[in-house]
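Protein chains get the first letters and strands the later ones, always in sequence-line order, with residue 1 at the start of each.
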Protein chains: 2
Amino acid sequence: MALQLAVSSVILALRPAPDDGPLTLWLPLVRRIREPYEGSWALPGGPLGEACGLEQAARDALSSTTGLDPAYLEQLYAFGGLDRSLAGGAGGAGGDDGADQADRVVSIVYWALVQAEEDQAAVRAHNVEWFPASALPDLAFDHTQVIDYALARLRAKIGYSPIAHAFLPAEFTLAELRAVHEAVLGRELDPANFRRQALATGAVEPTGHRLQGTRHRPPSLYRYRAESVATSPTPPPRSAS
Amino acid sequence: MALQLAVSSVILALRPAPDDGPLTLWLPLVRRIREPYEGSWALPGGPLGEACGLEQAARDALSSTTGLDPAYLEQLYAFGGLDRSLAGGAGGAGGDDGADQADRVVSIVYWALVQAEEDQAAVRAHNVEWFPASALPDLAFDHTQVIDYALARLRAKIGYSPIAHAFLPAEFTLAELRAVHEAVLGRELDPANFRRQALATGAVEPTGHRLQGTRHRPPSLYRYRAESVATSPTPPPRSAS
DNA sequence: GCAAAAGTGTTTTCCGTACACCCATGA
DNA sequence: TCATGGGTGTACGGAAAACACTTTTGC
């Protein structure tokens with residue numbers, strides 16, 4: 001009856017929809033290889049290692065499932081209710097954590113934004129598969145709700161935080177920035193008004209370069225200003241006890 | 001080298017300032033009775049019991065230090081960094097948790113709003129003392145930053161959530177409601193505009209009664225509408241794993 | 001009547017939205 | 001020249017701030 005502590009992550013990337021449609025959110029899931037929910041998909045994660053902090057544990061799980069470093073990483077919530085009625089109580093990962101059936105599990109969930117790994121070393125870990133956030137399979141535990149919560153947080157935060165940075169390359173056009181916002185919010189935005197608002201925040205500035213090769217007027221390229229980057233968010237203090 | 005899990009709480013109440021001034025935020029702290037930081041003030045809390053969920057653990061700690069039930073309770077953040085350099089690693093409570101020097105500690109912090117316990121059974125637990133949030137003593141660990149974070153969350157949330165309810169009796173005047181907002185925000189608000197905005201949200205409705213006994217025009221009394229109460233916040237799903 | 005707070009109305013400013021319009025490029 | 005998206009200007013409407021003003025009580 002030991003206390004088990006696990007760290008899981010909702011990892012989000014932006015890619016074209018399955019039918020090569022508009023940009024959409026995708027996330028990797030891992031197939032559980034033990035009860036409960038054996039065979040179901042679940043959030044990637046694992047037990048908290050002795051030698052690392054919570055955030056580092058989230059980075060490790062992220063790296064082992066996607067091979068990527070997150071451009072943004074933030075704690076979402078700590079779950080530790082006892083109302084896990086039908087769940088036997090196994091660990092926070094779909095993977096190979098060593099949780100015992102009888103253990104009490106508290107799990108801390110992070111959410112991460114990563115760049116689409118187009119030509120990246122497409123690390124295809126076993127039992128890992130990417131799904132569009134709008135077409136998820138049935139998930140283990142209440143991970144569906146956890147993901148919904150993460151998506152809600154992302155949608156809210158993109159409105160007042162330069163978080164879209166995490167999805168973009170160093171230089172980008174305002175149309176690309178707008179496409180990120182549209183994908184996250186799930187609706188189209190007025191290009192004219194979006195431009196003004198984006199520039200008004202002062203988070204973004206022109207580089208002086210232009211993107212050539214389009215079949216229309218070449219758009220200016222922009223970058224995020226150094227002050228507004230923030231890989232780790234501002235949120236809370238350091239540690240505590 | 002077991003993994004220790006503790007739950008602490010930032011408990012906030014509204015009372016007149018020390019010199020009988022305007023309303024201010026106060027919070028209870030407990031004096032630590034063991035190293036590290038022995039003798040320092042710290043957030044109340046304790047180890048996570050085997051038999052209760054995270055939120056229940058927070059309620060228990062709250063009850064044992066103040067004897068009060070929170071009108072509002074929400075998770076703040078989970079701390080588990082390894083950068084606790086000078087701290088030996090003892091438990092999350094200022095009180096008598098059983099943490100060992102060598103233990104690794106992850107602590108989950110809640111924030112709670114309670115009614116001022118004017119005539120309440122003023123439970124005066126030993127080693128517990130209330131301080132104005134604007135005049136805190138030196139605290140153990142990084143609890144000062146944790147409290148600042150909780151205050152920032154409260155200030156932000158009072159702007160879009162009917163959270164002020166937690167500080168008020170069943171029936172109240174709009175002046176009292178405004179005083180709560182002013183105390184939390186630390187600045188005065190225009191009575192006319194505040195009234196309109198408060199009513200426009202629809203969270204509050206007149207009871208039809210009036211408050212007698214003032215030395216001026218008797219103000220109407222209001223109550224929060226049932227839909228907008230919410231002791232537990234909306235936030236995240238249930239459990240997870 | 002006077003002080004004080006309740007409560008209403010009005011004006012101004014600001015911000016988000018909608019949308020018309022011009023600009024620059026490739027084809 | 002036309003199509004396409006980049007980029008600018010402008011008008012409308014709602015919300016918030018500032019503040020004048022009326023109302024109702026106790027003293």
Side-chain angles (χ1 to χ4, degrees), chain A residues 16 20-23 155-162 164 168-169 171-224, chain B residues 16 20-23 155-162 164 168-169 171-224:
Chain A
D20 211 50
L23 281 182
R155 279 192 293 268
K157 197 147 191 173
I158 206 173
Y160 61 88
S161 169
L168 292 168
E171 297 199 354
F172 50 88
T173 67
L174 287 183
E176 290 168 333
L177 175 57
R178 177 165 50 86
V180 170
H181 281 249
E182 288 176 338
V184 167
L185 297 176
R187 62 188 170 90
E188 298 196 338
L189 300 172
D190 183 299
N193 296 327
F194 179 83
R195 151 185 303 277
R196 266 187 294 263
Q197 289 162 213
L199 296 177
T201 66
V204 107
E205 67 185 358
T207 63
H209 310 152
R210 284 173 178 279
L211 177 64
Q212 304 292 345
T214 63
R215 65 175 155 287
H216 55 276
R217 172 173 175 177
S220 292
L221 289 168
Y222 295 80
R223 76 169 80 91
Y224 272 89
Chain B
D20 212 50
L23 281 182
R155 278 191 294 268
K157 197 146 191 174
I158 207 173
Y160 61 88
S161 169
L168 291 168
E171 298 198 356
F172 51 88
T173 68
L174 287 183
E176 289 168 333
L177 175 58
R178 178 165 48 86
V180 170
H181 281 249
E182 289 177 338
V184 167
L185 297 176
R187 62 188 170 90
E188 298 195 338
L189 300 172
D190 183 297
N193 295 327
F194 180 83
R195 152 186 303 275
R196 265 187 296 263
Q197 289 163 212
L199 296 177
T201 65
V204 106
E205 67 184 0
T207 63
H209 311 154
R210 284 174 177 280
L211 177 64
Q212 303 292 345
T214 63
R215 67 175 154 286
H216 55 276
R217 175 175 174 176
S220 292
L221 289 169
Y222 294 79
R223 76 169 80 90
Y224 272 89

message: Counting the atoms with a prime plus P, OP1 and OP2 as sugar-phosphate, which does B/Gln197 contact under 4.0 Å by heavy atoms, base, sugar-phosphate, or nothing?
response: sugar-phosphate

message: Judged by each residue's nearest nucleotide on DNA chain C, which is more toward the 5′ side, A/His216 or A/Arg187?
response: A/Arg187

message: Nearest whole Å is fine: how far is C/dG7 C1' from B/Phe194 CZ?
response: 14 Å

field: Side-chain N or O of B/Thr214 closer than 4.0 Å to phosphate OP1/OP2 of C/dA4
entry: no

task: Under 4.0 Å between any heavy atoms, over every strand shown, what does A/Thr173 touch: base, sugar-phosphate, or nothing? Just pick one.
output: nothing

message: In the structure I gave you, are the side-chain heavy atoms of A/Arg187 and A/Glu182 within less than 4.5 Å of one another anywhere?
response: no

task: In whole angstrom, give the distance that lies between atom CZ of B/Arg210 and atom P of C/dA5.
output: 17 Å

message: Taking any atom closer than 4.0 angstrom to a non-hydrogen atom of chain A, what span of DNA chain D does the protein reach, first nucleotide to last?
response: D/dT4 to D/dT10

query: When all nucleic acid strands are considered with a 4.0 Å heavy-atom cut-off, which category describes B/Ala192: base, sugar-phosphate, or nothing?
result: base

query: 5'-most contact on DNA chain C: B/Asn193 or B/Arg178, nearest heavy atom basis?
result: B/Arg178

query: Between A/Arg223 and A/Glu205, does at least one N-O distance fall below 4.0 Å, as a salt bridge requires?
result: yes

A/Leu211 CG - C/dA24 P separation (whole Å): 17 Å

task: Check whether any side-chain heavy atom of A/Tyr222 lies under 4.5 Å from a side-chain heavy atom of A/Leu174, and answer yes or no.
output: yes

message: Closest approach to the side chain of A/Asp190, judged atom by atom: which nucleotide of C/dG7, C/dC19, C/dC23 is it?
response: C/dC19

task: Measure the shortest side-chain to side-chain distance between A/Phe172 and A/Leu211 over non-hydrogen atoms and say whether it is less than 4.5 angstrom.
output: no

Under 3.5 Å donor-acceptor, A/Ser220 side chain and A/Pro206 backbone: no

Sub-4.5 Å side-chain heavy-atom contact between B/Leu177 and B/Phe194: yes

